[in-house]
Amino acid sequence: MAPSLPDKPSLEGLEEKWSARWHDTGVYRFDRSKSRDEVYSIDTPPPTVSGRLHPGHVCSYTHTDITARYWRMRGKEVFYPMGWDDNSLNVVRRVSIHYGVTCDPTLPFDAGFEPPGEGTSPPVPISRPNFVMLCEQLTTELEKSYYDLWTRAGLSVDWTHTYTTIGARAQRASQWGFLRLLERGLAYTAEAPTVWDVDFRTAIAQAELEDRELPGAYHRIAFHRADDGGDVFIETTRPELIPACVALVAHPDDERYQPLFGSEVTTPLFGARVPVKAHPLADPEKGSGIAMICTFGDVTDVTWWRELDLPVRSVIGPDGRLLPVTWGAPGWEAGDADRAQAAYDELVGKTAKQAQRRIVEMLGESAELVGEPKPITHPVKFWENGSRPLEIITNRQWFIRNGGRDEELRQAMLARGNELKWHPDFMRVRYENWVNGLNGDWNITRQLPFGVPIPLWYPIDAGGVVDWENPILPAFDDLPVDPSTDVPKGYTEAQRDQPGGFAGDPNVMDTWATSSLSPQIVGGWADDPDLFEKVFPYDLRPQAHEIIRTWLFYTVLRSHFEFDRLPWTDAAISGFVFDPTRKKLSKSAGNAPDDPMNLLTQHGADAVRYWAAGGRPGQDIALDPNQFKIGRRLAIKILNASKFVLSIEAGAGAAGAPVDPSAVANALDRSMLARLRSVIDDATRAFDDYDYTRAIERIEPFFWNFCDNYLELVKGRAYAGDASALAALRLALSVVLRLFAPFLPYVTEEVWSWREEGSIHRASWPTIDEIPSGGDTEILAAAADVLSELRKVKTEAKRSMKTPIASAVVRDAAARIAAARAATDDLREAGVVEGDLVFQEADGFSVDATLTEPAA
RNA sequence: GGGCGCUUAGCUCAGCUGGUAGAGCGCUGCCCUUACAAGGCAGUGGUCGGGGGUUCGAGUCCCUCAGCGCCCACCA
């Protein structure tokens with residue numbers, strides 16, 4: 001039931017029409033009756049539902065979709081789910097504002113809670129389960145706009161397979177995953193120095209650190225030798241940590257300080273005796289070559305503290321302010337405790353910054369500060385979500401082993417990275433850099449109100465002491481649990497936080513502890529083992545390069561532990577989209593020029609996808625309106641050329657007849673098909689290597705040459721009903737449409753529907769076996785060159801293209817002459833050559849043509 | 001400090017194993033040619049970042065320098 005060809009084909013309305021049709025017919029629905037080897041599965045990244053999507057998302061998700069469509073046409077059953085990341089601080093902020101609430105895990109669950117709504121001040125505190133419910137509610141609303149965008153963009157996602165990162169399924173998988181690691185000792189708790197954000201008052205992991213350049217100053221400060229041998233000068237950017245100083249350290253080979261090793265010095269202002277130690281990490285070139293070790297100023301301090309077996313003297317509290325301490329008490333010995341206390345009292349309760357200002361004044365007064373501080377700019381560690389420098393404080397955390405302090409595991413993780421196929425390959429280096437630079441296990445504990453709870457309770461003994469080392473575990477069937485409101489088996493709510501009772505773990509997991517299970521979550525590991533078996537291990541993980549150290553690494557780690565294998569065979573790493581003007585576009589909501597929905601409605605989805613296809617894996621790409629224009633033109637060209645081919649066929653009375661490749665006898669036709677055969681070959685190879693850009697770079701020039709030269713040359717013969725021409729045109733059109741289908745799903749589907757049954761997106765990817773063998777590609781090439789020259793003659797004479805040519809002489813090398821001569825009749829027709837068309841052998845290529853005189 | 005990527009026409013980029021520089025856009029000119037005027041045809045345009053080297057021959061291989069972007073780093 002092929003519909004009639006449109007008179008004036010147009011792109012208008014195609015997106016609404018086909019996205020609705022695809023939805024209704026379920027073309028992209030995953031068929032779970034297939035076996036694993038018939039499946040191609042994708043571990044889709046879940047975009048955060050808080051922020052707006054931007055063109056970069058459209059670009060990288062299109063890359064994945066192009067790949068998905070290719071494999072679907074290759075006959076694979078494609079598992080292409082979609083996720084929403086609603087387990088993030090952004091979401092917390094958004095939910096808080098939208099509903100006028102704030103999350104307080106100490107509150108009990110309230111089943112009947114109704115949020116007051118936006119603008120409520122102060123926000124209403126609610127329990128964590130209540131907060132999570134609102135989060136899911138908002139996510140559901142936001143999903144709608146995401147669905148609209150992705151659908152419009154033509155993503156061939158199966159919308160019956162979606163997941164979130166805070167919903168019950170994710171929590172269940174996430175908590176189960178954690179408990180399984182706990183059982184095997186791969187997750188453990190420890191009290192340890194922890195990188196700490198003083199505003200959010202939470203621990204964070206190494207993977208979420210970033211450096212920011214901040215102004216600071218070297219302060220040259222005098223320590224006093226205990227043997228009265230004079231002063232030792234150190235330089236520090238953090239003089240406020242002098243009370244936390246537990247040692248000085250210099251390089252073992254540093255002759256200046258060798259005499260001091262093993263001796264003691266006293267700290268300025270506080271008069272605490274600290275040893276002088278040797279350690280190879282101390283850099284003789286830096287500052288005065290001898291440094292003070294504080295607990296803790298930075299991660300080097302932690303290393304020194306651990307390796308030199310030093311005591312702890314903590315002065316920074318979880319809020320970033322200086323803690324009260326009692327000088328003279330054990331661990332806080334001072335030569336003159338009263339003087340030390342007096343000095344310290346000046347600092348207590350101040351932020352690090354305030355304390356620094358005050359202590360510098362005091363050091364100046366005591367003449368222990370030498371000279372003026374030297375201003376510098378230096379990198380300081382921040383949480384990527386934070387706004388104040390991180391501190392390092394000591395407290396109890398849950399860790400997952402990651403190779404940071406286990407060489408065997410580190411090597412195993414490096415081997416996994418090596419086993420994974422990276423696209424592009426050089427991204428592997430980033431993974432290796434990261435694994436090699438790990439300096440500790442993965443701290444998954446976050447002291448945040450919102451997130452997936454750590455699914456543990458702890459017994460409290462009769463004396464009220466919490467037993468952190470022997471947690472109470474939930475049963476698998478009870479997952480997910482929230483220990484802040486749920487009660488462990490065998491206890492009652494009344495026993496919460498009571499002697500002889502239990503304490504719920506108040507903390508949540510790092511979001512990556514959940515995201516790293518995305519293959520497990522969406523594949524049904526914890527709730528649909530049959531599905532999981534069909535999709536795991538996945539074929540593809542598409543993602544951005546900046547989260548290689550987090551999402552990619554952690555996912556590999558979790559899969560390594562749980563399944564002893566990679567979670568996917570291939571990782572496709574996308575680049576960034578940048579603005580061509582290098583300037584930030586306005587982000588004012590709605591009508592920003594880079595709003596993805598605007599791009600799609602303005603230029604058309606196929607056009608935007610065409611642009612995206614130009615971005616190779618791992619390469620940045622400019623947001624270029626020009627490319628949208630070109631893509632749109634290509635789509636229109638496909639409509640028109642297709643209509644032309646099919647209308648000629650209809651005119652010849654051959655409409656609907658099956659394509660018969662064996663009818664292609666003409667040398668020019670066979671030449672065109674020979675070229676097409678190599679295009680199929682190249683494009684297929686490129687796709688197999690995840691290089692969709694290379695694929696379209698082969699397909700597109702073929703198509704334009706097909707239109708500009710082949711169609712023009714063959715036109716006359718086709719109109720006359722030549723069987724070879726008709727068969728070649730139909731065959732080429734069928735192949736070209738299918739080659740373009742992954743890139744331009746709308747226009748190709750539209751054209752396909754004019755003549756074929758079923759969706760092109762379930763049609764088979766073209767193979768070279770469809771093309772008759774043989775054919776000399778030189779014939780079309782040579783004929784096109786001659787045709788070009790004939791046109792040039794007319795252009796230079798400023799005459800119309802239909803101006804007849806009285807006579808023409810073509811000169812070229814023998815082989816080229818032979819090739820062009822094979823298309824003589826078509827050349828005469830296309831070039832409107834009325835008189836002689838002569839071919840002569842010559843050294844170079846030239847065409848002399850004489851036009852007929854214009855009518856008087 | 002270590003590493004990765006990039007540097008080819010005004011712009012965006014192809015140039016895979018070395019063999020006389022390519023595409024599109026832009027620009028200029030021409031053409032209502034019955035698939036396409038939101039089009040078609042043709043033309044203009046480059047000492048392939050700099051400097052060395054290997055080779056009969058290098059955008060393509062080696063060394064080195066520079067700029068841009070990014071990753072990592074124990075930055076007192």
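Since we're looking at a predicted model, the values are computed, not measured.
Searching all strands for a Watson-Crick or G-U wobble partner of rG5(B) with both distances below 3.5 Å returns rC68(B). In this structure, rG29(B) and rC41(B) make a Watson-Crick or G-U wobble pair, each of the two defining distances being under 3.5 angstrom.
Heavy atoms of Arg220(A) sit nowhere under 4.0 angstrom from any nucleic acid atom. Heavy atoms of Thr300(A) sit under 4.0 angstrom from primed sugar atoms or phosphate atoms, though from no base atom. At the heavy-atom level, Trp704(A) lies under 4.0 Å from the strands shown only through sugar-phosphate atoms. Looking at heavy-atom distances under 4.0 Å, Gly287(A) makes no contact with the nucleic acid at all. As judged by a 4.0 angstrom heavy-atom cut-off over every strand, Ser647(A) is placed among residues making no nucleic acid contact. Residue-level contact check: Lys794(A) touches neither bases nor backbone, having no heavy atom under 4.0 Å from any strand. In this structure, Gln206(A) reaches the sugar-phosphate backbone alone: every heavy-atom distance under 4.0 Å involves primed, P, OP1 or OP2 atoms, never a base. Among the protein residues, Asp298(A) comes within range of the sugar-phosphate backbone only, with heavy atoms under 4.0 Å from sugar or phosphate atoms but none that close to a base. Across all strands, Arg549(A) comes closer than 4.0 Å only to sugar-phosphate atoms, never to a base (heavy-atom distances). Within 4.0 Å (heavy atoms only), Cys707(A) reaches at least one base atom of the nucleic acid. If you check every strand for non-hydrogen atoms under 4.0 Å, Asp211(A) touches a base. Heavy atoms of Ile630(A) sit under 4.0 angstrom from primed sugar atoms or phosphate atoms, though from no base atom. Residue contacts shown for Ala797(A) are absent, as no nucleic acid heavy atom lies under 4.0 Å away. Counting non-hydrogen atoms under 4.0 angstrom, Thr303(A) reaches nothing in the nucleic acid.
Ring-centre distance between Phe553(A) and Trp512(A): not below the 6.0 Å cut-off.
Inspection of the His279(A) and Glu307(A) side chains reveals an N or O donor paired with an N or O acceptor under 3.5 Å.
Nucleotides rG52(B) and rC68(B) have their C1' atoms positioned 23 Å apart, rounded to a whole Å. Taking atom P in both rU17(B) and rG5(B), the straight-line distance is 14 Å, to the nearest Å. Of the P atoms belonging to rA21(B) and rA42(B), the separation is 22 Å, rounded to the nearest Å. Across the C1' atoms, rA38(B) and rC61(B) are found 47 Å apart, a figure rounded to whole Å. As rounded to the nearest Å, rC65(B) and rU20(B) have P atoms that lie 32 Å from one another. Comparing the same atom, C1', in rG45(B) and in rC70(B) gives a spacing of 33 Å after rounding to whole Å. Nucleotides rU64(B) and rA23(B) have their P atoms positioned 35 Å apart, rounded to a whole Å. Distance noted for atom C1' between rU28(B) and rG10(B): 14 Å (whole Å).
The phosphate of rC75(B) has neither OP1 nor OP2 within less than 4.0 Å of any side-chain N or O from Arg212(A). Contact between the side-chain N/O atoms of Lys802(A) and the OP1/OP2 oxygens of rC31(B) is not found at any separation under 4.0 Å.
Annotation: cation-pi pair Arg313(A)/Trp305(A) absent, no NZ/CZ under 6.0 Å from the ring centroid and within 45° of its normal. Judged by the 6.0 Å distance and 45° axis criteria, Arg212(A) is positioned over the aromatic ring of Phe382(A). The side-chain tip of Arg632(A) does not point at the ring of Tyr610(A) from less than 6.0 angstrom away and within 45° of straight on. Seen from the ring of Phe644(A), Lys715(A) counts as a face-on cation partner, given the 6.0 Å and 45° thresholds.
Phe743(A) and Phe687(A) have tilted rings, their planes meeting at an angle from 30° to 60° on a 0 to 90° scale.
Both Lys715(A) and Arg430(A) sit near RNA chain B, but only Lys715(A) has its closest nucleotide nearer the 5' end.
Counting distance only, with no hydrogens placed and no angle test, the side-chain atoms of Asn433(A) and the base atoms of rC4(B) include no donor-acceptor pair under 3.5 Å.
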